[in-house]
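The first residue in the sequence is number 1, and the count goes up from there. Basis for what follows: all heavy atoms, side chains included, without hydrogens, waters or symmetry-related copies. Ligands are counted one by one from 1 in listed order, and the atoms in each one are counted from 1 as well.
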Amino acid sequence: MKRVGILTSGGDCQALNATMRGVAKGLYSLYGSDGVEIIGFLEGYKGLIYEKYRRMTPRDFTGLLTVGGTILGSSRTPFKLIREPDRNGLDKVKAMKDTYKKLKLDCLVVLGGNGSQKTANLLSEEGLNVIGLPKTIDNDLWGTDTTFGFQSAISTATNVIDCIHTTAASHNRIFIVEVMGHKVGWLTLNAGIAGGADIILIPEIPYNVKSIISKIEERGKTGHDFTILAVAEGAISKERAEMKKKDRKAALAELAANYPSVSYELAAQITEATGKDVRVTVPGHMQRGGMPVAYDRVLSSRLGAQAALNISKDKYGDLVAIQNHKIVSVPLSEIAGKLKMVDPNDDIIAEARLLGISFGDESTSE
Ligand code: F6P
């Protein structure tokens with residue numbers, strides 16, 4: 001009997017259930033429903049730490065392909081606190097290892113993003129058999145071309161920009177759509193291009209308010225009195241980006257004290273400079289919810305099946321990922337702690353610029 005633990009960790013996204021279904025279907029088909037027991041830990045690593053789990057049956061995994069969220073629940077268990085005892089003095093790493101041993105697991109499958117895969121790597125280094133699966137709407141996980149959840153979130157954010165387009169054009173207003181992504185701009189970049197945004201601001205390309213104003217004015221001169229900006233949560237001004245870390249922290253704290261987010265500050269700056277109405281739309285967690293799009297369902301199913309295959313070969317310690325359309329296994333030690341960011345020199349940025357999209361970094365005549 002093979003015993004496989006599974007958990008979903010960190011911010012949820014659309015294809016978590018579809019991926020678990022993929023793993024389960026693969027395992028049941030390799031071992032038969034009597035040859036494998038799947039144990040689902042509740043609320044991510046918390047379930048593993050505090051022994052909260054469900055013994056799953058094949059029935060638990062049916063009807064999941066299109067269901068958003070996670071049937072196991074999820075939580076954030078920050079990596080930087082993982083080695084610190086909990087409020088009752090419990091050693092979390094030891095507790096996770098104890099649960100794993102107590103349940104006589106052969107392996108643990110972790111569906112998670114950056115922080116979660118760091119913990120997965122730590123558990124692997126501690127001697128557990130671990131397989132990682134790449135989750136996140138941010139697509140910032142190293143070692144994989146794309147993560148499941150990303151395409152679904154692009155689709156939701158794009159729908160928002162599409163809806164905003166008609167109202168922005170009717171009222172000749174400037175609209176900011178704030179897209180998720182504190183550290184990386186993959187989601188904003190893709191939704192911005194797909195939704196036909198005029199200005200895209202991402203953390204990797206610091207902006208200059210003057211160049212944003214000049215793009216808006218330039219549009220006005222060519223008869224376009226409305227402008228749409230797709231702005232990442234983590235978009236940062238050039239001025240702040242160039243500050244020393246300590247000063248930047250203080251400047252961002254001041255921003256947070258004065259505005260709900262960077263988009264609202266930008267809206268005030270644009271209104272001040274142009275005298276035009278600016279509205280901010282924040283789709284927020286909608287971007288993580290709802291049904292996975294077809295691409296994510298296929299990706300999740302493939303990743304899940306390959307994870308099952310790896311388990312049958314006792315091949316552990318890897319992130320099961322996708323590279324150049326092929327499902328591959330990348331050592332967790334190679335990907336842990338690395339953030340996959342947008343390269344400002346990437347072709348996609350040059351192509352977007354050629355389409356007339358501003359990244360808020362162009363030089364102005366003044
Ligand atoms: O990591 C996924 C993500 O949705 C980010 O894009 C976003 O910045 C963050 O999580 C929001 O976190 P929370 O759900 O804890 O508010």
Side-chain angles (χ1 to χ4, degrees), residues 7-19 43-46 68-70 72-82 110-120 132-144 146-161 176-192 194-195 200-204 230-236 252-253 255-256 259-266 280-293 296 299-300 319 335-342:
L7 61 84
T8 55
S9 170
D12 72 338
C13 72
Q14 292 88 342
L16 283 163
N17 286 326
T19 307
E43 292 181 44
Y45 284 112
K46 267 194 199 166
T70 158
L72 293 178
S74 190
S75 66
R76 293 194 190 273
T77 315
F79 180 74
K80 62 177 180 203
L81 300 179
I82 209 80
V110 174
L111 282 64
N114 261 304
S116 307
Q117 298 305 346
K118 272 204 248 177
T119 301
L133 287 168
K135 166 236 75 160
T136 170
I137 63 165
D138 295 335
N139 194 33
D140 59 355
L141 202 57
W142 194 266
T144 188
T146 187
T147 51
F148 61 82
F150 177 50
Q151 290 295 333
S152 303
I154 292 176
S155 173
T156 303
T158 301
N159 279 339
V160 174
I161 301 176
I176 295 178
V177 178
E178 184 173 285
V179 180
M180 274 188 162
H182 274 297
K183 292 187 180 150
V184 303
W186 291 110
L187 184 52
T188 310
L189 175 63
N190 283 273
I200 297 177
L201 305 182
I202 58 174
E204 295 89 337
V231 176
E233 290 171 311
I236 185 161
L252 291 174
L255 165 70
Y259 297 96
S261 71
V262 69
S263 300
Y264 290 87
E265 181 194 48
L266 210 49
V280 178
T281 295
V282 184
H285 289 77
M286 275 177 67
Q287 293 162 94
R288 294 211 314 235
M291 276 192 184
V293 295
D296 274 340
L299 175 64
S300 297
L319 177 81
I335 63 110
K338 291 188 200 155
L339 210 56
K340 185 181 71 188
M341 302 182 86
V342 176

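- The distance from atom NZ of Lys135 to atom CG of Leu111, rounded to the nearest 0.5 Å, is 9.0 Å.
- Residue-ligand proximity, His285 to ligand 1, at heavy-atom distances under 4.0 Å covers atoms 13 (P), 14 (O), 16 (O).
- The closest non-hydrogen atom to atom 13 (P) of ligand 1, taken over Arg76, Glu233, His182, comes from Arg76.
- For the pair Ser300 (side chain) and Ala18 (backbone), a donor-acceptor distance under 3.5 Å is absent.
- For the pair Arg288 and Asp12, the salt-bridge criterion is met [side-chain N within less than 4.0 Å of a carboxylate O].
- Nearest protein neighbour of atom 2 (C) of ligand 1, counting heavy atoms only, is Asp138 OD2, 3.4 Å.
- Taking CG from Leu141 and CD1 from Ile335, the interatomic distance works out to 5.0 Å, rounded to the nearest 0.5 Å.
- At a heavy-atom cutoff of 4.0 Å, ligand 1 is contacted by no atom of Leu187, backbone or side chain.
- Atom CD of Glu178 and atom CD of Gln287 lie 9.0 Å apart (nearest 0.5 Å).
- Under the 4.0 angstrom criterion for non-hydrogen atoms, Gly181 is in contact with ligand 1.
- Residue, atom and distance of the protein heavy atom nearest to atom 4 (O) of ligand 1 are Arg288 NH1, 2.9 Å.
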